[in-house]
A.B. asks: 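Please read through the structure below; I'll follow up with questions.
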Amino acid sequence: MAKHDWHTPDLFGDSFGSPAKTHVRNKDPITSKLAAKSIDSKTLEMRVYDVICKFPRGCISDDVVRMIPEHGVQTISPRYAKLIKKGFIEDTGEQRQGAAGRMQRVMRRKVD
């Protein structure tokens, strides 16, 4: 099991991740369905959440991708919507310029 810092205690562990079938559409090719099954969404969501928590003033996707270099943006970015929907992170409404010159939304750990 992956080591977690204080941001993701084990009591939240069951809240992370989702079934593979929620990552694909019925009409997607079999290769997409197999790829969805190969992703450990629970661990990946926890890692993305942990990274976002390290930025108290918020961060952009470039920051997260830089801290999880073994996964590409196409694997990491879908986790943001899941974490927002589950109430773990929030979109601050701010934008910052990313490395490619495009504006990216600023996300942070949701604080009640």
Side-chain angles (χ1 to χ4, degrees):
M1 178 154 206
K3 181 181 179 291
H4 308 294
D5 67 18
W6 65 270
H7 298 295
T8 54
D10 288 336
L11 65 111
F12 292 130
D14 290 338
S15 298
F16 290 96
S18 53
K21 66 182 180 181
T22 65
H23 300 283
V24 292
R25 296 172 293 271
N26 287 335
K27 293 182 180 183
D28 283 345
I30 189 67
T31 52
S32 296
K33 293 174 182 177
L34 293 172
K37 286 183 180 182
S38 73
I39 293 175
D40 179 358
S41 66
K42 179 177 180 175
T43 300
L44 194 51
E45 279 183 22
M46 291 175 87
R47 289 192 63 205
V48 169
Y49 178 71
D50 281 343
V51 168
I52 292 170
C53 289
K54 293 179 188 318
F55 293 85
R57 294 179 47 227
C59 64
I60 59 175
S61 186
D62 282 2
D63 298 321
V64 179
V65 171
R66 187 171 38 257
M67 294 187 73
I68 309 176
E70 66 274 17
H71 293 288
V73 68
Q74 70 279 6
T75 303
I76 294 171
S77 64
R79 309 305 143 211
Y80 307 139
K82 300 278 187 184
L83 291 169
I84 289 170
K85 185 176 181 180
K86 292 175 183 181
F88 285 106
I89 66 171
E90 62 186 355
D91 181 335
T92 66
E94 294 177 62
Q95 293 185 343
R96 295 182 192 152
Q97 190 171 14
R102 294 192 182 122
M103 299 304 284
Q104 297 181 8
R105 67 179 169 180
V106 176
M107 301 166 289
R108 70 175 171 219
R109 187 182 100 194
K110 188 169 184 179
V111 181
D112 292 327

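Computed from a predicted structure; not experimentally measured.
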A.B. asks: Quick check for you: to the nearest 0.5 Å, what is the distance between Arg79 atom CZ and Met46 atom CE?
C.D. replies: 14.0 Å

A.B. asks: Rounded to the nearest 0.5 Å, what separation is found between the CG atom of Leu83 and the NZ atom of Lys110?
C.D. replies: 12.0 Å

A.B. asks: Should side-chain heavy atoms under 4.5 Å link Ile, Leu, Val, Met, Phe, Trp and Tyr, which residues sit in the same cluster as Ile60?
C.D. replies: Val106

A.B. asks: Checking Arg105 now: which residues fulfil salt bridge (charged side-chain N to carboxylate O under 4.0 Å, His left out) with it, not counting sequence neighbours?
C.D. replies: Asp91

A.B. asks: List the residues meeting side chain to side chain contact (heavy atoms under 4.5 Å, CB included) with Gln95, not counting sequence neighbours, and say none if there are none.
C.D. replies: Met103

A.B. asks: Would you say the side chain of Phe55 lies within less than 4.5 Å of the side chain of Met67, judging by non-hydrogen atoms?
C.D. replies: yes

A.B. asks: Rounded to the nearest 0.5 Å, how far does OG1 of Thr75 lie from CG of Leu44?
C.D. replies: 7.0 Å

A.B. asks: Can you pull out every side-chain hydrogen bond (donor to acceptor under 3.5 Å, both in side chains) where at least one residue sits in residues 55-74? Sequence neighbours excluded, please.
C.D. replies: Arg47-Glu70, Ser61-Tyr80, Asp62-Gln104, Asp63-Arg66

A.B. asks: Kindly give the heavy-atom pair with the smallest separation between Phe88 and Tyr49, and that separation in Å.
C.D. replies: O-CE1, 3.3 Å

A.B. asks: Taking side chain to side chain donor-acceptor pair (under 3.5 Å) as the definition, give me every residue that meets it alongside Glu90, ordered by chain and number, with sequence neighbours left out.
C.D. replies: Arg108

